[in-house]
Student: 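Please see the structure below; I have some questions.
The chain is numbered in sequence order, starting from 1. Keep in mind that this is a model prediction, so the values were computed, not measured. Excluded from the calculations below are hydrogen atoms, water molecules and symmetry mates; all remaining heavy atoms, backbone and side chain alike, are included. Note that ligands are numbered from 1 as they come in the structure, with each ligand's atoms numbered from 1 the same way.
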Amino acid sequence: MDNILDTPKEKWTTQDSDELYSINRWGQGYFAINDKGNLTILPEKSKEGPVIDIQEVLDEIKRKKIALPCVVRFHDILRSQVVTLNRLFRQIIESAGYRGRYFGVYPIKVNQLREVVEEIIDAGGPYDYGLESGSKPELMAALAYNTNPNSLTIVNGYKDATYLRLALLGNKMGKKVIIVIEKLSELPTLLSLANEMQIEPVIGIRAKLSTKATGKWSDSSGENAKFGLTAPEILNAVKILKDAKKEHCLKLFHFHIGSQIPDIRCIKDAINEGARIYTQLNKLNLKLEYFDVGGGLGVDYDGTKSTSDSSVNYTTSDYIEDIVYILKQICDLEEVDHPHIVSESGRAATAHHSCIIAPVFDQINPGYTNYPTDKSVSEHILVMNMRDILGELSSENVQETYNDAIQLKDEAANAFKLGVLSLDEKAKVETFYWQIMNKIVQLKSSLEFIPEELGDLEKEMASQYLCNFSVFQSVPDLWAINQLLPILPIQRLNEKPEVLCTIADITCDSDGKIKRFIGPEDDNCTLSVHQLKDNEEYYLGFFLTGAYQDVMGDMHNLFGALNEVHIFCDDEDPTDFYIEDHIPGGTASEALTYMQYNPQYLNLTIKRNIEKQVQRGKISPKEGVNLATFFSECLNDYTYLK
Ligand SMILES: *Cc1c(COP(=O)(O)O)cnc(C)c1O
């Protein structure tokens, strides 16, 4: 494939940007570029449906005086993802002649925000879509928010007596709560609590499959997995149930082999193994009704449709077809009734609906060349030599000049350390050096043969775009586990991006950088962006952040939660939208309180210090008041740069 960046500037179109940033590949039809060169959102995956210009969203955010960086949630995308998943399950179940139903549940841990959970429950209502919890607080939320009497509440995670009691409370309220046994010792506790509370529990068993997933979360599966029962433990659990005459309470079989499974073969294997256990259990005179395949349905973050860790080699339909057809085949063979199918897809349901918009506020160029290099009277030989080779640089001597420049720069660095070269002379040498490198980059395109050393020169000279956000707060997986996310400018997409950059955030941590982007494996260490303009703001969008990212961040450097807006399409006007909700981000005071500081104490201490200086006559009383007010205003301010 030709390199898209070889397209001349004058011929650049929005299609080229689409291809360069793989928008169509990771965007699943939810994102496109309009004629103005702005990124747009298509919640119905079609230009016939609503089209939201992200620049207009940004204007609205500014009109409402909401500070950036900002999380933007598109509730219509969230709804569409939930509906699509449920519809596809229904369609495929029907065309396969499968005799069970689909009862999906949303795992709250993937994005616990109340508004997200409410939207999912609402969109999933017609499909009896339920909730999954992995802890006591999540279950408390699920019990209150899962109001549909037909949908399931699946209770996963390690459980103490209180967690089990909470789940049984749900059964008491008439809800379809299924308690999944993750560890054999939970079972006797559950039986005695249920006895005490005088309620029949509905029980599930999580199996530890021997099928091992690939990808970054593969530790959730295989012999050393944290959760689930091995084959002997499953059979022991059955014995415990039979001894207690509670075998009729066992209704669900569950497994979860990891999140973001890149390879469909792992999924096929797991379904196969799970279906075998399921059918065997039914032959032990048990009447199981549900087959729960857990999560794992992946998102194609890098748009490569491959088995790379940030991609998937299958579609949602492929995934569902494999579940339905494999399960049907094995049940038919073993003459076991088709169970209802449960899945716990969180990532696939939520990833697309939210993004982060952050302003670029400055850049650092390694090739900084803005220093006067006028000839001085007794110029050092190293400076003179650098000046000369710059003057003589032409397409005839590119490689030679490149080598000489590197050598002279090294010599200058040594000379400076020995005290032979002044700081002014060192600055001149470095300025010449970068002027030479810049000129070499320009000359390169006219060369017939490009020497290998010069191949990656542009990348070595990549700028750092300074972005007003924190990697640790907003895209933690990118930092912690090297996951890739689509990142791109949200404007000027009708213009060729001629600058290669990496991204630096505003934390004081040298890890607060992004140096890997989606794109071909061997060519993804820089991002193509546009030259910044004076007096024109430039924004980067970080996409597919709705799953795990925007709820898992930490407060590195006490940069707090981001402002957040919730966007809804206007039913009347397909190009219009409204911000229904604005959740204010964290203030300095909140970030400090979280770490046990007392803002009132800080205020008081600063005020006293100022007063002392006033008494000493170093600050006027009026200035003192202003300074103290300024400090207390800062406490109530957003933690990011203004
Ligand atoms: C985390 C988790 C999920 C969600 O997995 P996704 O891959 O995000 O869909 C589902 N089930 C269990 C048991 C989990 O721990």
Student: Under the 3.5 angstrom rule, does the side chain of Q81 hit a backbone N or O of A348 as a donor-acceptor pair?
Tutor: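 Such a contact is found between Q81 side chain and A348 backbone.
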Student: Please report the shortest heavy-atom distance between P43 and D76, naming the atom on each side.
Tutor: CB-CB, 3.5 Å
Student: Does the structure place the NZ or CZ of K176 under 6.0 Å from the centre of the six-membered ring of F103, at an angle of no more than 45° from the ring's axis?
Tutor: yes
Student: Are there any protein N or O atoms under 3.5 Å from the N or O atoms of ligand 1? List them with distances, or say none.
Tutor:
residue  : atom   : partner : partner atom : Å
ligand 1 : 7 (O)  : S259    : OG           : 2.6
ligand 1 : 7 (O)  : G296    : N            : 2.9
ligand 1 : 8 (O)  : S259    : OG           : 3.4
ligand 1 : 8 (O)  : R347    : N            : 3.0
ligand 1 : 8 (O)  : Y548    : OH           : 2.6
ligand 1 : 9 (O)  : E344    : O            : 3.4
ligand 1 : 9 (O)  : G346    : N            : 2.7
ligand 1 : 9 (O)  : R347    : N            : 3.4
ligand 1 : 11 (N) : E344    : OE1          : 2.6
ligand 1 : 15 (O) : K109    : NZ           : 2.7

Student: Using a strict cut-off of less than 4.0 Å between a Lys/Arg side-chain nitrogen and an Asp/Glu carboxylate oxygen, indicate whether D337 and K287 qualify as a salt bridge.
Tutor: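 So D337 does not pair with K287 through a salt bridge.
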Student: So, using side chain to side chain donor-acceptor pair (under 3.5 Å) as the criterion, who are the partners of D509 when residues are at least two apart?
Tutor: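 Listed in chain order: H556.
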Student: Find out whether the Lys NZ or Arg CZ of K183 is both under 6.0 angstrom from the six-membered ring centre of Y158 and within 45° of the ring's axis.
Tutor: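 K183 over Y158 ring: yes.
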